Participant: 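Below: one structure in structure tokens.
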Amino acid sequence: MMKLHSGNFAWQETNLPDTALYPALQQSLSCDCLIIGGGISGALCAYLLAESGINAVLIDKRTIASGSTLANTGLLQFTNDKMLTAMIHTFGEEPAVRFYGMCREAVDKLIRLSHSLGEEARFIHRSSLYYASTEEDTRSLYEEYHTLRKYRFPVEWWDAALIAERFPFHKPGAIFHHASAEGNPFAFVHGLIEAAISRGVAVFENTEATGFDFREHSVLCRAGKHMIQAKHVIFATGYETQQFHKAKGAYLTSSYVMVTEPVRQFNDWFERCLIWETARPYLYLRTTPDNRIMIGGLDEPLSGGKLDKARYLHQGEQLLKRLHGLFPDKRELKAAYAWGAVFGQSRDGLPFIGTHPEYPRCYFVEGYGGNGTVYSLIAAEMITDVIAGKARPDMEWFSLQRSSKPASAVKR
Ligand SMILES: Cc1cc2nc3c(=O)[nH]c(=O)nc-3n(C[C@H](O)[C@H](O)[C@H](O)COP(=O)(O)OP(=O)(O)OC[C@H]3O[C@@H](n4cnc5c(N)ncnc54)[C@H](O)[C@@H]3O)c2cc1C
């Protein structure tokens, strides 16, 4: 089993929801749709399939939300790791702007959807500051601001003086907007799973899909001693999907997170907004409902192709230093939690969503990138639509077999 993360996680211990424990599969069964994976992607699929009245079963070889979802820092943004300006250069204006629009809608939908769940599972609106890490980056960030404005994304430009008025650090310029959100991904997934179960989805933990037999009208999935027969299968298996098939243009790195002890006040942190930057890899920061600061970044290659289990200790200290550099008045703050995790990205900045020729009747959700949750929602909606019989030609854009120029596939 791939080691997805190591360290001490904040989500399970702070504001823990009443987490249900689900049984392992005890008998063979059949269903319309089998979902493999109980992280954010699988939970969103389970919830949306149940809403559409499709009979679904979800299995996870670990426990619910204990894969990469546990390492997720819970930021929702429509602005992506790749700027809109860069996406327009790569894919052309119409598809790139439409993709950014999809992400913006997905943030709103995730907030709305989460508000039908318990309180701990809810995302809340947050503003976001995207600052230029260096003087040289200011020009491209300012160009990005103009591109976003041109296509009616609700962004403001903040110059160095305005940033210095509202934060204790000095940065040459930033894009600011109010269209982001933050939440607790662990609680969100548990809330989705509970809601899906109440609508008839069967959920099994500690149940691994180990083999597949593709029939004319169904797929037989081996899970330990038992078989699950399904008309459709969704692989929501996160970064481990790379063990089933290798997506061209996907790559895995390691990323780190540190969470402080509770902070007394946030007077020097405007609106407790999300903060990130133009440097790559980027640092990013948010606050938590119990008044902690969460800072992530310092991504690096996986040494020997595997996550170094102890590396989070060193990287956590470095993140604390970076935090002290940004907020000198918070120099007394210490780390309460830190973790390291495998992090998947795609070279062109788009997720992988769709079918694979070697897996008939199957769909893959690979929301690789910093906006993984937003991508998971886009994927879950598309796949649910297709299984329910509604055409989604736009899924082609995210094809697992795409070349580096998928724009031509996107037509209205
Ligand atoms: C440090 C870090 C910070 C991040 N921060 C953010 C953020 O702020 N915002 C954001 O949007 N995204 C963020 N992400 C990305 C986000 O975590 C991922 O996009 C998301 O968790 C992926 O969810 P998933 O359900 O696809 O995968 P997972 O959560 O990994 O779920 C996949 C599940 O499939 C199960 N599985 C695998 N193989 C099998 C099998 N054969 N049989 C049965 N079950 C199987 C696994 O046990 C696992 O539970 C972050 C990622 C990292 C690493």
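Positions are given from 1 along the sequence. As the structure is a prediction and not an experimental result, all values here were calculated from the model.
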Participant: Under a 3.5 Å distance rule, please check whether Glu366 uses its side chain to pair with a backbone N or O of Tyr368 as donor and acceptor.
Facilitator: no
Participant: Under the rule for salt bridge (Lys or Arg N to Asp or Glu O under 4.0 Å), what residues qualify as partners of Glu261, not counting sequence neighbours?
Facilitator: none
Participant: Given salt bridge (Lys or Arg N to Asp or Glu O under 4.0 Å), test Asp348 with Arg402 step by step and report yes or no.
Facilitator: CA-CA 10 Å; Asp348 63 11; Arg402 66 178 179 257; 2.7 Å; yes
Participant: What are the two closest heavy atoms between Leu25 and Ala223, and how far apart are they?
Facilitator: CD2-CB, 4.1 Å
Participant: The test is side-chain contact (heavy atoms from CB on, under 4.5 Å); show your working for Ile387 and Ile54 and say whether it passes.
Facilitator: CA-CA 9 Å; Ile387 290 176; Ile54 294 163; 3.8 Å; yes
Participant: For residues Arg272 and Thr288, report the shortest heavy-atom separation together with the two atoms involved.
Facilitator: NH2-O, 2.8 Å
Participant: Would you compute the distance between atom OG of Ser254 and atom NZ of Lys306 and round it to the nearest 0.5 angstrom?
Facilitator: 14.5 Å
Participant: Quick check against the 3.5 Å criterion: does Arg286 have a side-chain atom that pairs as donor or acceptor with the backbone of Gly183?
Facilitator: yes
Participant: Can any side-chain N or O of Asn80 pair as donor or acceptor with the backbone N or O of Phe78 at less than 3.5 Å?
Facilitator: yes
Participant: What residue among Leu326, Val263, Thr287 forms side chain to side chain contact (heavy atoms under 4.5 Å, CB included) with Trp269?
Facilitator: Thr287
Participant: Would you find a donor on one side and an acceptor on the other, under 3.5 Å apart, between the side chain of Arg126 and the backbone of Ala179?
Facilitator: no
Participant: Just by distance, no angles: are the side chains of Thr373 and Asn72 close enough, under 3.5 Å, to form a donor-acceptor pair?
Facilitator: yes
Participant: For this output row, return yes or no: ring centroids of Tyr363 and His356 closer than 6.0 angstrom.
Facilitator: no
Participant: Under a 4.0 Å N-O cut-off, is there an ion pair linking Arg280 with Asp81?
Facilitator: no
Participant: State whether Phe212 and Arg361 meet the cation-pi test: NZ (Lys) or CZ (Arg) under 6.0 Å from the six-membered ring centroid, and within 45° of the perpendicular axis.
Facilitator: no
Participant: Between Pro262 and Arg292, which heavy-atom pair has the shortest distance, and what is it?
Facilitator: CD-NH1, 3.6 Å
Participant: Among side-chain atoms of Asp137 and Tyr142, is any donor-acceptor pair under 3.5 angstrom?
Facilitator: no
Participant: If I compare all heavy atoms of Leu307 with all of Ser6, which pair ends up nearest, and what's the gap?
Facilitator: CD2-N, 3.8 Å
Participant: Any donor-acceptor pair under 3.5 Å linking the side chain of Ser127 with the backbone of Cys273?
Facilitator: no
Participant: Measure the spacing between OG1 of Thr384 and CG of Leu48 and express it to the nearest 0.5 Å.
Facilitator: 4.5 Å
Participant: Between Asp159 and Leu162 (side chain of the first, backbone of the second, donor and acceptor by atom type, cut-off under 3.5 Å), is there such a pair?
Facilitator: yes
Participant: For Arg331 and His324, indicate whether the former's side chain and the latter's backbone hold a donor-acceptor pair under 3.5 Å.
Facilitator: no
Participant: Under 3.5 Å, is there a donor-acceptor pair linking the side chains of Glu277 and Ser133?
Facilitator: yes
Participant: Using a strict cut-off of less than 4.0 Å between a Lys/Arg side-chain nitrogen and an Asp/Glu carboxylate oxygen, indicate whether Arg311 and Glu300 qualify as a salt bridge.
Facilitator: yes
Participant: Roughly how far apart are Trp397 CH2 and Ile353 CD1, rounded to 0.5 Å?
Facilitator: 10.0 Å
Participant: Arg62: which residues meet the salt bridge (Lys or Arg N to Asp or Glu O under 4.0 Å) condition with it, sequence neighbours left out?
Facilitator: Glu240
Participant: Out of curiosity, Ile383 CD1 to Ile378 CD1, how far, rounded to the nearest 0.5 Å?
Facilitator: 11.5 Å
Participant: Just verifying a value: how many Å separate Leu377 CG and Ile40 CD1, rounded to the nearest 0.5 Å?
Facilitator: 10.0 Å
Participant: Give the minimum heavy-atom separation between Ser255 and Phe343, together with the two atoms involved.
Facilitator: CB-CB, 3.8 Å
Participant: Please confirm whether Tyr359 and Phe235 have ring centers closer than 6.0 angstrom.
Facilitator: yes
Participant: Apply side-chain contact (heavy atoms from CB on, under 4.5 Å) to the pair Val201 and Val57, showing each step before the final yes or no.
Facilitator: CA-CA 6 Å; Val201 176; Val57 168; 6.0 Å; no
Participant: Centroid separation under 6.0 Å, is that true for the rings of Phe176 and His178?
Facilitator: yes
Participant: Pick one: which of Tyr256, Tyr312, Phe9, Trp11 meets ring-ring contact (aromatic ring centres under 6.0 Å, His included) with Trp339?
Facilitator: Phe9
Participant: Counting only heavy atoms not in Arg322 (residues, nucleotides, ligands), do more than 12 fall under 6.0 Å from its CZ?
Facilitator: no
Participant: Verify the distance criterion only: is there a donor paired with an acceptor across the side chains of Thr253 and Asp299 at less than 3.5 Å?
Facilitator: no
Participant: With sequence neighbours left out, write down each residue that passes side chain to side chain contact (heavy atoms under 4.5 Å, CB included) with Arg139, or none if nothing qualifies.
Facilitator: none
Participant: Verify whether the ring centers belonging to Tyr100 and Tyr151 lie closer than 6.0 Å.
Facilitator: no
Participant: Apply side-chain hydrogen bond (donor to acceptor under 3.5 Å, both in side chains) to the pair Ser116 and Tyr47, showing each step before the final yes or no.
Facilitator: CA-CA 11 Å; Ser116 69; Tyr47 182 92; 3.3 Å; yes
Participant: Does Leu319 reach the side chain of Leu283, with side-chain heavy atoms less than 4.5 Å apart?
Facilitator: yes
Participant: side-chain contact (heavy atoms from CB on, under 4.5 Å) between Leu34 and Gln229: does it pass, once the steps are laid out?
Facilitator: CA-CA 8 Å; Leu34 168 65; Gln229 180 166 28; over 6 Å; no
Participant: Which atom names give the shortest non-hydrogen contact between Ala121 and Phe188, and what distance separates them?
Facilitator: O-CD1, 3.4 Å
Participant: Nearest 0.5 angstrom please: Arg122 CZ to Leu110 CG, how far?
Facilitator: 15.0 Å
Participant: Is the positively charged end of Arg347 above the ring of Tyr251, judged by distance under 6.0 angstrom from the centroid and angle within 45° of the axis?
Facilitator: yes
Participant: Could you list the residues that satisfy ring-ring contact (aromatic ring centres under 6.0 Å, His included) with Phe169, not counting sequence neighbours?
Facilitator: Tyr131, Phe167, Phe327
Participant: Verify, without hydrogens or angle tests, whether His226 (side chain) and Leu29 (backbone) share a donor-acceptor contact under 3.5 angstrom.
Facilitator: no
Participant: Will you find, in the side chains of Thr85 and Glu143, an N or O donor that is under 3.5 Å from an N or O acceptor?
Facilitator: no
Participant: Mind checking side chain to side chain contact (heavy atoms under 4.5 Å, CB included) for Asp329 and listing every partner two or more places apart, or none if nothing turns up?
Facilitator: Asp268
Participant: Look at the side chain of Ser128 and the backbone N and O of Ser180, then say whether any donor-acceptor pair between them is shorter than 3.5 Å.
Facilitator: no
Participant: Say whether, by atom type as modelled, one donor and one acceptor occur between the side chain of Ser41 and the main chain of Gly37 under 3.5 angstrom.
Facilitator: no
Participant: Counting neighbours of CZ on Arg199 that are heavy atoms of other residues, nucleotides or ligands and sit closer than 6.0 Å, is the number greater than 12?
Facilitator: yes
Participant: Report, as yes or no, whether the 6.0 Å neighbourhood of atom CD on Gln401 holds more than 12 heavy atoms from other residues, nucleotides or ligands.
Facilitator: yes
Participant: Residues in salt bridge (Lys or Arg N to Asp or Glu O under 4.0 Å) with Lys109, at least two apart?
Facilitator: Glu105, Glu381
Participant: Do Arg98 and Glu94 sit within salt-bridge range, that is, some charged N less than 4.0 Å from a carboxylate O?
Facilitator: yes
Participant: Verify whether the ring centers belonging to Trp158 and Phe270 lie closer than 6.0 Å.
Facilitator: yes
